[in-house]
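Here the structure is laid out as structure tokens; the discussion comes afterwards.
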Amino acid sequence: MNLRGPLVDVGDPREVETRYGERSLAEVTLRPEGGTADPVTVTLWAKWTHAAEHAEPGMDILVTDVEESEYRGETTYATSKESFVVVEPDFLVDVTDIRSWVRCSRVYYLNKLSGIPLNYPVVKGTIVHEVFGDLLRERDLDSSIEERIEERGLELGLLGREVDEVADEVRRNAAAIEGWLSQGKLTDEDEWRSEYTLISPTFGIKGRADALRRGAPVELKTGKNLNRDPRFQDKIQAAAYALILHERGVPVDTGTLLYTKNTTLDRTEESGDLSPAKDFSIGRGLLEFVVRTRNEIAAMEYETSVPTGREVNSKCQYCFDKDTCMVVSGRLGQESKVEDNNPNPNPITPIPEDERDYFDQFYRDIEEERRAVHAEYRKLWEQSAEERADDDRALIGLEPLGEEEQPDGTWELRARKTDDAVSKLREGDVALASDGHPVEGHGELARIVELGDEVVVTADEPVELRRLDVYPSELTTDRLLTALHDAVLKGSPDRKDVLFGRRDPEFSDRSAGTTYIDNNEAQDDAVSLAVDADDVALVHGPPGTGKTYTIARTIRALVEDGNRVLLSAFTNRAVDNALEALRDQGFEDIVRVGSENGVRDDMLDVRLSRSGDPNTLAAALHDAPVVASTTASCGSRIMREQSFDVALVDEASQLTEPGTLAATNLADRFVLVGDHKQLPPVVRAENDLQKSLFQRLIETYPEASVMLDRQYRMSQRIQAFASAEFYDGALRPATGEVAAQHLRDLGVDIADLPADLADPVTFVDPDGRRVGNTNPVEADRVAEIVAAYEDAGVASEDIGVIAPFRAQVAEISRRTDVTVDTVDRFQGSSKEVIIVSFVATGDLDGPLFEDHRRINVALTRAKKALCLVGDADALESDPFYERMLAWARR
DNA sequence: ACTCTGCGTAGAGGA
């Protein structure tokens, strides 16, 4: 039996006399989950008292294989020989994190905070691993080495490495692997598989094993190890994979570490054990150690405390991370072993208290987001296949059509879709392909090749393709953290003075006498402001104000002044839109950094491939006066090596502060373009991440901003409400033509429209009823209104329907062929005619209606006609919506 | 309550 639930009491470990001698125990009390059952006390024996030392009330705890017994008429619970105790099992710890924590808890913390920079040993190690996988798939060695090196061309180029020297080194490492593999092959006993992604719901561990041989984990290390035994942290890594296999009912009692550098060493230079492969046994003790280590990490993360490294008795003297450790502990005023071990006081000056608070707060906020990602993982096993499909997170009920081995040893898997379900999955994504049970059954990470009636994916190993799940990733979270680290701990004091409100942004008059845009004063001012900014310029661009055009003109002006410019935005779409405008203005000297399926087709010609000749690729990136990438990509190892004079960030009002910093960290000055009156960043948790840096800065330094006040999208009648409510009446049509535009311009005879749709802005109350997040009667009426516009001569592609809820979007989509989407997804685009379905009846309760910025977005998508469909009573229940109604009914 | 885009997956190592 397993017991699981939140801890209500944690007792101190103590020694007791038993008939076997003196033993230690600790009693913890938990409230069993899923019910109203009374709290129960569990006795944790011997080594599991460790959990009591690290846990605290409030944390979740899981005790497996509990022993139940009767004592004086009461049921008592205790750990048994088979028990494991897991602290905060929902927190998924990476296997590699367990490995670095075993080395030193500070190393774990530092890796997480500062990321692993681009360095040659790591890139080489990655290449050797990939070649290892290829060898297991029986691929030809020379072609594997050639291709794997080519794939890392950009990284190798940035590191100044030549193909031949890398190939020699990789070949020497590969020789060790080949030699060892051939021994196994001779006996014909070995059964291999490579790259196995493993997730453990019970132990809260995830990771990817390099390989399994006869079911036992094999870890490849490209370093050397001349001891007879594998390094302890390497054993722990392999044992962690063994633990997950143990959970799946596959007992594993050995592991193998393969140190490929050993055979490349000269016997006369070195003494020791030069054999590359070292087997070791994995007993229960090692598995328990893995769990206890993992518990230490989970407990530390629960408390968001900072590890000191004191519990490990290794010396800091030889540690590679010593300098980083000194800097981080010095800057943040942390207690750490590195300081204990140093005779002199830490020379690093601490950052001011307000910066420290800022760092701590955002650190916590980002970790909250990480937990939301972990919750996504949990759904892989907690939700049924049907629930996953309803959430658009999986394609289920696939019928396998076949598995075919490719020339490179990987597998192509095909299946037929049995329904027309949609999902978030896109071609090019990495997803979890499974036999129907992604975690408990057989799951493989796979790349989606085709996503039509037939589903085609490629994977390292074959699997019966019955289900395809979105695979959650912590990548964005990790990058937010390194961006925060770089900005606060490594950022220049000058920059931080502005970020923390100690100094107003400064401007030089570089633009004097230059007119950049001659028919729009605000746009021209915006370009001048950006050119003149010594620190930061803020461009506020309400809907339809020519933001993208202004951005392109700004970039050109900056480049003409000799600046190297980074163009960034949250979405690929915004990056590519800005690039398109830049190219429309005749500027082509651009490098686009990003994944192949993220970048729009018409920008692929300027996309920098990662694969190819190192020198050519590195030069292409270095020499580009304009580099464009999403803010997430700005946090990549490659982009973190780049530096710019100016960073220009579009859609800045939709970015979290750390998200914006990922881009601005790379440049001396920055320009943020956005509209804080439209939708804020999407985050899972409610915290400071919801407010953009753009908004904070424009509120702090209004004089460092320009608002584009002429809009080219909406008729006078349509823009009036948004202008008054959100832009203090300052937003105006750019020309008389824009103001006076009308459905007549599309060839529509207004007499052909029903009387209630004749005005450019109308309100219709269909007298429907909200059912969950839908309103079927309202959906019917919306479809009729669409048909009425179509009948009057409006083309279908000129009509758009907006609803707050996805459920209502689906409801309306079933009734019409025009574009229907949520407000959030409509941001950034527009249509001649927009119909908004409000869904709500009776009242407007709900977070979606509370944020009026969402309505600003919805109403400002329309150019010539806007029809609001909703319940008058509900809308009149809130003053803001009441004003909107009065305007629509005018 | 509800909105939902990114990311070469995770891991690759020095002595």
Side-chain angles (χ1 to χ4, degrees), chain A residues 94-97 99-100 103 111 116-130 132 151-152 155 195-198 206-210 219-226 231 234 237 261 318-321 372-373 392 424 426 428-432 444-447 459-460 471-480 569-575 594-598 610-611 629-638 651 654-656 659 662 679-684 772-773 803-807 809 821-827 839 845-851 853-854 857:
Chain A
D94 277 350
V95 171
T96 45
D97 285 339
R99 178 175 186 265
S100 47
R103 254 179 73 198
N111 280 350
I116 297 188
L118 186 64
N119 64 26
Y120 179 59
V122 171
V123 176
K124 187 192 71 188
T126 308
I127 295 171
V128 173
H129 272 76
E130 283 161 348
F132 175 52
E151 281 172 3
R152 301 274 156 189
E155 285 167 304
E195 312 281 9
Y196 201 12
T197 298
L198 294 158
K206 65 182 161 75
R208 194 175 69 171
D210 284 343
E219 275 303 305
L220 184 70
K221 298 289 163 197
T222 42
K224 69 173 174 188
N225 174 23
L226 298 173
R231 268 184 301 241
D234 297 340
Q237 185 176 4
K261 198 173 180 182
Y318 304 112
C319 178
F320 286 92
D321 297 306
V373 178
D392 293 348
K424 285 170 65 85
R426 305 273 149 81
D429 285 355
V430 169
L432 197 53
E444 294 283 344
L445 270 192
R447 166 102 37 202
D460 283 339
Y471 187 75
S473 169
E474 288 182 45
L475 197 101
T476 314
T477 317
D478 291 339
R479 289 191 176 172
L480 290 182
F570 180 51
T571 61
N572 277 308
R573 193 176 64 168
V575 172
S595 67
E596 207 172 338
N597 63 320
R610 290 162 176 258
S611 172
S629 83
T630 58
T631 48
S633 279
C634 287
S636 70
R637 276 196 318 201
I638 282 165
E651 286 187 346
Q654 287 184 76
L655 275 162
T656 62
L679 289 168
V682 171
V683 289
R684 294 168 175 100
N773 289 328
F805 306 102
R806 282 163 59 93
V809 167
D821 227 324
T822 55
V823 187
D824 302 60
R825 286 214 269 214
F826 241 103
Q827 178 151 327
V839 182
D845 284 351
L848 238 49
F849 296 105
E850 271 169 30
D851 195 338
R853 289 176 290 188
R854 187 164 273 109
V857 174

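Every chain is numbered from 1 and lettered A, B, ... according to where its sequence line falls, protein lines coming before strand lines.
For the side-chain hydrogen bond (donor to acceptor under 3.5 Å, both in side chains) test, residues two or more places apart in sequence or in another chain that qualify with Asp234(A) are Arg99(A), Arg231(A), Tyr259(A). Asn119(A) pairs by the side-chain hydrogen bond (donor to acceptor under 3.5 Å, both in side chains) definition with nothing, not counting sequence neighbours. Scanning for side-chain contact (heavy atoms from CB on, under 4.5 Å) contacts around Gln654(A) gives Glu651(A), Gln827(A), with sequence neighbours left out. In terms of the ring pair (Phe, Tyr, Trp, His ring centres under 6.0 Å) criterion, residue partners of Tyr471(A) (sequence neighbours excluded) are, by chain and number, Tyr377(A). Taking Asn773(A) as the reference, Arg770(A) meet the side-chain hydrogen bond (donor to acceptor under 3.5 Å, both in side chains) condition, with sequence neighbours excluded. Take Ile127(A) and apply the side-chain contact (heavy atoms from CB on, under 4.5 Å) test, not counting sequence neighbours, and it matches Val123(A), Val131(A), Arg148(A), Ile149(A), Arg152(A), Leu156(A), Val166(A), Val170(A). Every side-chain hydrogen bond (donor to acceptor under 3.5 Å, both in side chains) that Asp210(A) has, sequence neighbours left out, goes to His129(A).
The distance from atom CZ of Phe570(A) to atom C1' of dT3(B) is 13 Å, rounded to the nearest whole Å. At whole-Å resolution of the value, CG in Leu655(A) and P in dC7(B) are 12 Å apart. The nearest whole Å value for the distance from the NZ atom in Lys424(A) to the C1' atom in dT3(B) is 11 Å. Whole-Å rounding puts the Gln654(A) CD to dT3(B) C1' distance at 12 Å. Distance Arg426(A) CZ to dC7(B) C1': 14 Å, rounded to the nearest Å. When the P atom of dC2(B) is taken as reference, atom CZ of Arg806(A) falls 12 Å away, rounded to whole Å.
The side chain of Asn572(A) approaches dC7(B) more closely than any other nucleotide in the set dT5(B), dC7(B), dC2(B).
Stem list for DNA chain B (at least 3 consecutive Watson-Crick or G-U pairs, distances under 3.5 Å) is empty.
dA12(B) and dG8(B) have their C1' atoms separated by 13 Å, given to the nearest Å. Using atom C1' as the reference point in both dG11(B) and dC7(B), the two lie 15 Å apart (nearest Å).
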Contact letters for nucleotides 8-15 of chain B, in which S counts primed atoms plus P, OP1 and OP2 and B counts the base, heavy atoms under 4.0 Å: BBBBBBBB
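Taking side-chain N and O atoms only, Thr631(A) has no distance below 4.0 Å to OP1 or OP2 of dG6(B).
Looking at heavy-atom distances under 4.0 Å, Thr476(A) makes contact with a base. At a threshold of 4.0 angstrom between heavy atoms, the contacts of Phe849(A) with the nucleic acid are absent. Within 4.0 Å of Asn773(A), counting heavy atoms only, lie sugar-phosphate atoms of the nucleic acid but no base atom. Within 4.0 Å of Arg854(A), counting heavy atoms only, lies at least one base atom of the nucleic acid.
In terms of modelled atom types and a separation under 3.5 Å, the side chain of Arg447(A) and the main chain of Gly428(A) share a donor-acceptor contact. No donor-acceptor pair under 3.5 Å is formed between the side chain of Ser636(A) and the backbone N or O of Ala632(A).
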